[in-house]
Amino acid sequence: MTLLNLLETLLVIGMLGAALFVVRTRDLLAAVVVTAIISLVAAILFYVLQAPDVAITEAAIDAGLTTAIFLVALRKTERYEK
Amino acid sequence: MNLLLQGVAGTLILIGSLFLFLGALGVYRFPDVYNRLQAGTKSTTLGALSLILGVGLAEPAWLPKALVLMLFILLTNPVSSHAIGRASYKSGYPLWEGSIVDHCQEHDACKGGGEA
Amino acid sequence: MTRRVLAILLLLILAVALYQALARVPFGTDRMAVSRYYLDHGVQDLGGVNIVTSVVVLYRGFDTLGEVTVLFLAATGLGALLHGLALHDEKRRRTKTPPSLIMRTATRILFPLILLLGAYVFVHGHLTPGGGFPGGVVVALAYLLGFLAHDHWRVNHRAVRWIEGLAGMTYVIIGLLGLYLAGSFLANFLPPGTPGRLFSAGIIPLIYITIGFKVGSEMTGLLSEMKEITE
Amino acid sequence: MIPGWLWILAYTLIGLGVLLGLLRAFLGPKTPDRLVAVDALVTITMGLMVLLGLWYRRGIYLDIALIYGALGFIATLAIARYLEGGL
């Protein structure tokens, strides 16, 4: 188990925790912010697995575009889940 | 000469990672969002800049790209920290009870907006 | 309570099944002859250093045309949906916070830089990671930055439609040129050149430039529709 | 060459930093706290990507850090504009 494996394990556990948080929380804006963290960790994991094309697509689409679309949807609906 | 360059690069990388860690520690430990901004942007900016400069010195062929990266960090990080500070003030995030000065209260531009 | 137990049981069964299925597949070893062929012959045949883009554009170019079509349909459908939504909007807000001076000034500096970054990504698709789709999205995000920091910023919808249509048409015309000159649709009719140079790898840069323009204009049009419904 | 102990130290420090940032993003009582954590994490991630690029000796990997930094910044700005009521 090298140090890089340890880092990957930490990142995967963080990703799982973030996904659980997104499902459980009632504040949808917080869910959007934590979704940005999930895409960040996914980009690092693709990078560590040496898939730079996938990492760059993940960074471009998931970090910027998805967040903007979610925010517009939130603006048109409610911020807090009933 | 080359050994000296590698030594400088290693030192810069060490300083960079240390400051990145300290910035994250500040984000974790400080009491409210305005204090967290201090650590979360200034310290990590210095850390990332010195780490990238160290990597650029360790591999001199990458130096131009590393300089472009540093320019991007220098241009984007202050703007995002300003936006976060303004957004949290406008959305009514209260100051920590230990804070003593709030100059923004006196200006009209600071009133306003959404919900925290 | 029973539903929760059932859900956990279902998850456990799925986990055991997945484990049983994947335990026999060794991780990290390649069993596919096709990918081995691409890795061995891709650089000499086509001249693209980045094998992934060679596969996406040349070996599997027809699939990429399908992907672009799917993206076009999705953007058109979403645009139609949003256009109808703007008419029946009851939840308008009274005041909007104007963007701050720092944000506006920084956007004026950063907007051309990010546009340039997007163009770099899709022009260098055969040399560095990335390609048409991420490059187009980066271009669209530069416009998103402009929409965020300037309240009265607009794009010309007619021009966006025209760019999108022209880019799609150019893609198909390049494919038909391949059919005419080299015998099959989307065939590589330009010489591979020296691997590692900007002008190499046949038609990969041309196709990626058209894809970049197409994706960028589509996403920009979408974001601008979204900006209009939030007003 | 960069000695081995320095790699270990740098990765440990950055890994601890990522852990602390993630914790703040999960705990943070309100949304601005999480946003600060995300902003710091984007910068830390850029540093980590550049360092890993040196580890793998691939110069093209710097591009990913560049694009990630530019686009994470736009996401932070969008969420901040939503918070202050400007979107």
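Throughout, protein chains are lettered first and strands after them, A, B, ... in sequence-line order, and every chain is numbered starting at 1. Quick caveat: nothing in here was measured; it's all calculated off a predicted structure.
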What are the two closest heavy atoms between [X] and [Y], and how far apart are they?
X     : Y     : result
B:A87 : D:L83 : CB-CB, 3.9 Å
B:A24 : D:G21 : CB-N, 4.4 Å
B:L69 : D:A65 : CD2-C, 4.1 Å
D:A10 : B:I13 : CB-CG2, 4.4 Å
B:A83 : D:L77 : CB-CD1, 3.6 Å

- Item | B:T41 portion near chain D, given a 4.5 angstrom heavy-atom threshold |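 Answer is side chain: those atoms of B:T41 sit under 4.5 Å from chain D.
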- Which portion of B:L20 sits near chain D, non-hydrogen atoms under 4.5 angstrom: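 For B:L20, the contact with chain D is made by backbone and side chain together.
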Go through [options] and name the one with the most non-hydrogen pairs under 4.5 angstrom from chain B.
options                    : result
D:L41, D:I74, D:I79, D:D63 : D:D63
D:L16, D:D39, D:L9         : D:D39
D:I14, D:T12, D:V42        : D:I14
D:V18, D:I44, D:L48, D:T76 : D:I44

- Task: Could you walk me through whether D:L51 and B:V55 pass the side chain to side chain contact (heavy atoms under 4.5 Å, CB included) test, one step at a time?
- Result: CA-CA 7 Å; D:L51 199 61; B:V55 170; 4.3 Å; yes
Among the listed options [options], the residue most often paired with chain D at heavy-atom distances under 4.5 Å:
options             : value
B:G10, B:A48, B:G56 : B:G10
B:V33, B:L37, B:L22 : B:V33
B:L14, B:T76, B:N77 : B:T76
B:V79, B:V68, B:L75 : B:V79

- With a cut-off of 6.0 Å (strictly less than), are more than 12 heavy atoms of other residues, nucleotides or ligands near CZ of B:F19?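 Open.
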- Query: Are there more than 12 heavy atoms of other residues, nucleotides or ligands under 6.0 Å from atom CZ of B:F72?
  - Reply: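 Atom CZ in B:F72 is crowded, with more than 12 foreign heavy atoms closer than 6.0 Å.
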In Å and rounded to the nearest 0.5 Å, what is the [atom1] to [atom2] distance from [X] to [Y]?
X     : Y     : atom1 : atom2 : result
B:L51 : D:M49 : CG    : CE    : 13.5 Å
B:E59 : D:L54 : CD    : CG    : 6.5 Å
D:L35 : B:S80 : CG    : OG    : 8.5 Å
B:S17 : D:W7  : OG    : CH2   : 10.5 Å
B:I15 : D:L13 : CD1   : CG    : 12.0 Å

- So do D:L27 and B:Y28 actually touch side chain to side chain, heavy atoms under 4.5 Å?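 Yes - at least one pair of side-chain heavy atoms lies under 4.5 Å apart.
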- Item | Check: D:V50 and B:W62 side chains under 4.5 Å, non-hydrogen atoms |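 The answer is no, as the side chains (C-beta and beyond) never meet within the 4.5 Å cut-off.
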- Item | Stepwise side chain to side chain contact (heavy atoms under 4.5 Å, CB included) check, B:I73 with D:M46 | CA-CA 9 Å; B:I73 290 182; D:M46 279 178 81; 3.6 Å; yes
